[in-house]
Amino acid sequence: MKDIKTPKYSFLELISMSFSVCVGLGIFIISVQVLGKFQRETMGNLVYLAFIIGAIPAFFSAFIAGVSSSIWPSYGGDYAYLTRKVSHFWGFINTWGYWFVIPMQIQGAAITGTVILAHFFRLAGFLDLSSLITNNLLVISTILMGIGFLVNYTGMEGKITLITSGITLVLLVLFIYYGMGHNYNDFLSITEAKESFIKTLESSHYPHITLKGLLMGTAVLMFSYGGVTFSQNAGAEVQTEVKRKIWKGIIIALTLATAFYIIVSYVLYKAVPWQYIYVKVGEIKNFTAIDAIAIYIPAPVYMLITFLLFTAVFDNMFMLGFRSARHGYAASMDGFFNWGKALTRVSRRFSTPVVQIAIVYVIAFLILIFITNPELGFYANFSYTFGLMVTSYMPFKIKEEELKEVFPKNTKNILKAMRIMGVISMVVYLFMIVGLYTAVIKMAVVWTALLGMGGVLYYIETHRNTQIIDNLRKIHQ
């Protein structure tokens, strides 16, 4: 049977895959969410500092994940090295969580993309078309997910994310250009803004900066970096000379993403009063940083930027589908739920796990039809945090001779440093999980029940098919 180990992705494509899912649309949403909500939680003007603090454990866990994938380049990424080096059970549970939360994110991205597309046509003056899109939200969202399926099926994620990453960079440059240099007084000098929000602005005041506010904002912002390790799932499909450089691609992408997150949040903070953003975030769903500085942008440029923002939706969708399908494929190759080997079938033409890709999008479609809630993607925060926490334990399972394959020199010191990184990351992510449980109890209960279901199925599968445990002891070659 054909597998998916056909080399497809270059080093540059690997970087773009990590960068696109880490930045994409999220950078323009999370920045206004934090400024609009956590300013009220006494975060003060330290929003850009929160991005720096949040990036530290993200760098540690990303480095560990990248090095682990460079040592054991495999489809399934963290599934493969967690099941073989940490625990069969926890590797499976980590993947089980992603099987559900990633389709939630895909349907959320499709809905958001549809809303932005309707907004674009409204700006362009095609009001009837905009209304048509809005009134047919499910249909248009389904079409967008269909495009995502075709990209994942053809294995074009790398080449397309090169293009969309370029578009995202143009979008970021335009945002910085039109937002930089403006301040609170510039905002108040614009009649429309002053008349609409003057009462809110005059009655509000900047809160005191406290450690609590900074930590709350930092915890939320850390989730922004969760997707940077998605490209590790391409370990078995990257070009041969790239396999030992997976960690470099992830770190380069994370460095670029962190820099842009800091710049965007700083520009936004200086250009627009947080009170204005607070009001807008409450009034308008999918309110973005682009919308916040729209008063400074010429109408034609604003329309162009809105369309570019729409294309950024696909970055997330492609890579979400990519990761979930590779996780499922890796688990099925080990024997989980693979009756008749149907779940490991691969496209002969494109060398992609076509059945697994179809399952991801079918689940996303069912969520879209029966629930239709873009905020379900918040469940992913539980899975990302849990996965990164477990991954942070990897340095204690890596042997010095294994690490030499990636770092021939100073191997012992690098391994010691990785273990220190791992301890710090595990503590941080443990606190984040506790924070999630206390902040969103209902979601936490659902997520826990989901993991409990996964635990039961793991027990059933490993007893139904005893060959699974033998398979899990083997390293993917």
Side-chain angles (χ1 to χ4, degrees), residues 15-16 18-39 41-63 165-184 206 209-211 213-229 249-274 276-278 281 287-293 296 305 308-309 312 315-316 381 384 388 421 424-425 428 432:
I15 295 173
S16 70
S18 289
F19 176 78
S20 62
V21 75
C22 189
V23 179
L25 180 64
I27 192 171
F28 299 105
I29 292 181
I30 193 68
S31 52
V32 295
Q33 291 290 327
V34 171
L35 272 171
K37 292 183 177 180
F38 285 93
Q39 286 282 10
E41 298 292 343
T42 67
M43 189 173 171
N45 61 352
L46 297 182
V47 61
Y48 41 89
L49 179 59
F51 273 108
I52 298 175
I53 296 173
I56 295 173
F59 265 97
F60 290 169
S61 56
F63 181 73
S165 292
I167 292 174
T168 300
L169 288 174
V170 172
L171 189 57
L172 289 165
V173 169
L174 288 173
F175 175 87
I176 294 168
Y177 176 79
Y178 285 103
M180 187 72 76
H182 292 290
N183 55 38
Y184 186 96
Y206 284 94
I209 300 172
T210 68
L211 181 61
L214 182 60
L215 291 177
M216 288 178 66
T218 300
V220 172
L221 297 177
M222 283 177 65
F223 296 129
S224 304
Y225 301 116
V228 75
T229 60
I250 290 175
I251 292 302
I252 290 172
L254 183 56
T255 302
L256 289 172
T258 301
F260 279 114
Y261 267 111
I262 294 169
I263 295 171
V264 167
S265 60
Y266 180 77
V267 169
L268 185 64
Y269 168 74
K270 298 294 289 185
V272 184
W274 68 265
Y276 170 85
I277 296 175
Y278 178 79
V281 167
F287 184 72
T288 70
I290 303 294
D291 300 319
I293 69 164
Y296 303 125
I305 289 177
L308 295 180
L309 192 63
D315 283 339
N316 291 56
N381 293 334
Y384 291 156
L388 291 171
M421 294 178 188
I424 295 173
S425 297
V428 170
M432 288 180 65

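All of these numbers come straight from a predicted model, not from anything done at the bench. Just so it is clear, the values below take in all heavy atoms, side chains as well, and ignore hydrogens, waters and symmetry mates. Just so you know, residue 1 is the first one in the sequence shown, and it goes up from there.
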Closest non-hydrogen atom pair between [X] and [Y], with its separation:
X	Y	answer
Gly179	Val267	C-CG1, 3.5 Å
Thr168	Ala312	OG1-CB, 4.4 Å
Ala257	Val23	CB-CG2, 3.6 Å

[X] [atom1] to [Y] [atom2] distance, which is reported to the nearest 0.5 Å:
X	Y	atom1	atom2	value
Ile290	Leu308	CD1	CG	9.0 Å
Leu268	Ile293	CG	CD1	7.5 Å
Leu171	Phe260	CG	CZ	10.5 Å
Ile15	Leu256	CD1	CG	8.0 Å
Phe28	Leu309	CZ	CG	6.5 Å
Leu254	Ser18	CG	OG	9.0 Å

- prompt: How would you list, by chain and number, every residue that makes a ring pair (Phe, Tyr, Trp, His ring centres under 6.0 Å) with Tyr296, sequence neighbours excluded?
  reply: His182

query: Is there a side-chain contact between Leu169 and Phe19, using heavy atoms and a 4.5 Å cut-off?
result: yes

- prompt: Just wondering, do Ile250 and Phe63 contact through their side chains at under 4.5 Å, heavy atoms?
  reply: no

- request: Walk me through it: do Ile305 and Phe175 pass the test side chain to side chain contact (heavy atoms under 4.5 Å, CB included)?
  value: CA-CA 8 Å; Ile305 289 177; Phe175 175 87; over 6 Å; no

- request: Please identify each residue that fulfils side chain to side chain donor-acceptor pair (under 3.5 Å) with Ser425, with sequence neighbours left out.
  value: none

- request: Not counting sequence neighbours, which residues clear side chain to side chain donor-acceptor pair (under 3.5 Å) with Thr288? List them please.
  value: Asp291

Pair Ile56-Ile424, side chain to side chain contact (heavy atoms under 4.5 Å, CB included): steps then yes or no: CA-CA 10 Å; Ile56 295 173; Ile424 295 173; 5.8 Å; no

